[in-house]
Amino acid sequence: METSSSVDYGYLRQLVFGLSQNVLDPSRDYLFETRLTKLMRNQGMTRLEELVHHLRLRKNPVLERAIAEAMTINETSFFRDGRPFELLRTDLLPKLVDARRPLRSLRFWSAACSTGQEAYSLAMLIHEHFPLLTSWNLRIEGTDICAEVVERARSARYHRIEMNRGLPARHIVRYFDHVGEDWVVKQEIKQICNFRQANLCLPQLPFSRADDRFDVIFLRNVMLYFSQETRKVLLANIHRILAPDGILFLGSSEQPADPSIWTPVLAGGTCHFRPRKPS
């Protein structure tokens with residue numbers, strides 16, 4: 001095992017920042033060792049020093065991207081911090097449903113969706129409490145920078161430990177099939193969720209068509225390691241594709257970088273944000 005002085009962690013941190021805008025503090029350099037072990041093994045390497053040397057000798061966009069993805073935090077669970085879901089059920093969604101009756105259309109976005117639990121939680125909430133929406137043009141989009149977790153979200157297959165984190169027993173019975181050692185989301189839930197790989201920090205969001213407009217966006221615990229400027233650009237882009245009466249959920253410790261275009265609303269023990277017209 002090489003010492004910290006023999007590895008150019010600064011090079012690795014800058015590589016990750018350049019591709020994902022994820023600001024890694026030097027105090028967390030130890031994470032490179034644990035999170036890149038599998039990647040190095042696949043490259044026939046055993047030490048971080050070898051990896052850095054290889055990258056310096058020859059540019060390898062595929063490998064660089066894989067490193068950035070591996071260093072992304074993918075923490076999630078079903079109905080994580082249940083308060084936003086409960087507020088949607090009791091107050092926010094009923095009002096949105098009334099407002100969208102003429103169009104019979106609703107769109108949700110789980111940004112940084114990880115392995116998909118947030119998106120599937122939304123789908124289960126809608127099926128459970130708003131069954132009339134199953135006949136609407138209903139879509140839940142999930143995106144993440146990491147290809148591996150997007151594939152897991154698409155598979156809709158979860159282990160026992162994942163099922164035991166935040167998922168009511170009645171939902172397991174109603175919305176999952178037990179297949180071998182895992183549970184798989186039933187088709188009625190899976191069919192309204194779409195997952196794709198996307199980098200939120202690119203100049204343009206993955207939804208750029210003229211008719212791309214969302215009613216509810218979950219952007220929770222995504223910006224914790226972004227710079228202030230990256231947060232500002234990202235939320236300005238989010239503002240453009242959120243409906244004028246739409247709803248943005250951030251993590252409990254997150255605030256918009258530019259409060260002039262957002263109105264915070266405290267309700268149900270949590271905070272959500274409404275888009276405000278720029279002054």
Side-chain angles (χ1 to χ4, degrees), residues 21 23 73 75-101 105-114 116-130 133 138-144 165-168 171 200-201 205 207 212-279:
Q21 299 298 299
V23 180
I73 296 172
E75 174 65 23
T76 189
S77 60
F78 289 106
F79 295 98
R80 184 182 184 187
D81 181 12
R83 289 168 293 185
F85 296 98
E86 182 64 11
L87 185 61
L88 278 172
R89 182 185 71 82
T90 59
D91 183 58
L92 301 180
L93 260 181
K95 293 174 182 176
L96 271 177
V97 169
D98 286 341
R100 300 297 187 269
R101 285 186 190 278
S105 177
L106 274 172
R107 291 188 78 196
F108 302 78
W109 180 19
S110 171
C113 65
S114 188
Q117 286 95 317
E118 186 172 77
Y120 290 129
S121 296
L122 283 168
M124 286 185 279
L125 182 149
I126 290 168
H127 264 263
E128 184 91 354
H129 301 286
F130 302 90
L133 296 183
L138 178 68
R139 202 68 178 158
I140 300 171
E141 301 284 352
T143 64
D144 200 280
R165 296 184 63 196
L167 194 57
H171 283 38
L200 296 177
C201 296
L205 292 177
F207 308 103
D212 273 335
R213 185 62 65 91
F214 287 90
D215 303 292
V216 179
I217 296 177
F218 276 68
L219 187 72
R220 299 193 297 167
N221 305 309
V222 178
M223 301 183 293
L224 295 173
Y225 302 106
F226 288 174
S227 69
Q228 186 73 358
E229 182 58 30
T230 300
R231 296 175 189 177
K232 187 173 182 179
V233 172
L234 172 57
L235 283 169
N237 287 335
I238 293 287
H239 188 277
R240 282 191 283 271
I241 64 170
L242 186 61
D245 60 345
I247 300 153
L248 170 66
F249 285 106
L250 300 179
S252 58
S253 62
E254 295 174 314
Q255 294 290 325
D258 182 2
S260 68
I261 59 173
W262 298 99
T263 299
V265 182
L266 290 171
T270 188
C271 182
H272 63 278
F273 297 88
R274 300 282 190 169
R276 182 189 302 170
K277 290 184 179 179
S279 56

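All residue numbers in this chain count up from 1 along the given sequence.
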Query raised in the report: Would you find a donor on one side and an acceptor on the other, under 3.5 Å apart, between the side chain of Arg83 and the backbone of Gly269?
Result: yes
Query raised in the report: Just by modelled atom types, is the Asp245 backbone N or O under 3.5 Å from a matching donor or acceptor in the Arg274 side chain?
Result: yes
Which heavy atom in [X] sits nearest to a heavy atom in [Y], and how many Å separate them?
X: Gly246; Y: Pro275; result: O-CD, 3.4 Å
X: Pro264; Y: Cys271; result: CB-SG, 4.0 Å
X: Arg276; Y: Ser260; result: CD-O, 3.3 Å
X: Val97; Y: Leu106; result: CG2-CD1, 4.3 Å
X: Ile241; Y: Phe207; result: CG2-O, 4.0 Å
X: Arg240; Y: Arg213; result: O-NE, 3.9 Å

Nearest 0.5 Å please: distance from the [atom1] atom of [X] over to the [atom2] atom of [Y].
X: Leu96; Y: Phe130; atom1: CG; atom2: CZ; answer: 9.5 Å
X: Leu242; Y: Asn237; atom1: CG; atom2: CG; answer: 12.5 Å
X: Phe78; Y: Phe85; atom1: CZ; atom2: CZ; answer: 10.5 Å
X: Gln117; Y: Leu167; atom1: CD; atom2: CG; answer: 9.5 Å
X: Leu219; Y: Trp109; atom1: CG; atom2: CH2; answer: 7.0 Å
X: Gln255; Y: Met223; atom1: CD; atom2: CE; answer: 9.0 Å

Should [X] and [Y] count as side-chain neighbours, where that means a heavy-atom distance under 4.5 Å?
X: Pro256; Y: Leu250; value: yes
X: Arg89; Y: Glu128; value: no
X: Ile238; Y: Phe273; value: no
X: His239; Y: Asp258; value: no
X: Leu93; Y: Leu125; value: yes
X: Leu122; Y: Val216; value: no

Query - Option passing side chain to side chain contact (heavy atoms under 4.5 Å, CB included) with Phe108 (candidates Ile247, Ile140, Asp215) - result: Ile140
Report task. Describe, in one word, how the ring planes of His272 and Phe249 are oriented to each other, choosing from parallel (under 30°), tilted (30 to 60°) and perpendicular (over 60°). Result -> tilted
**Report entry** Stepwise side chain to side chain contact (heavy atoms under 4.5 Å, CB included) check, Glu86 with Phe79
**Finding:** CA-CA 9 Å; Glu86 182 64 11; Phe79 295 98; over 6 Å; no
Query - Ion pair Glu141/Arg107, N-O distance below 4.0 Å - result: yes
Query - Electrostatic pair Glu254-Arg231, nearest N-O below 4.0 angstrom - result: no
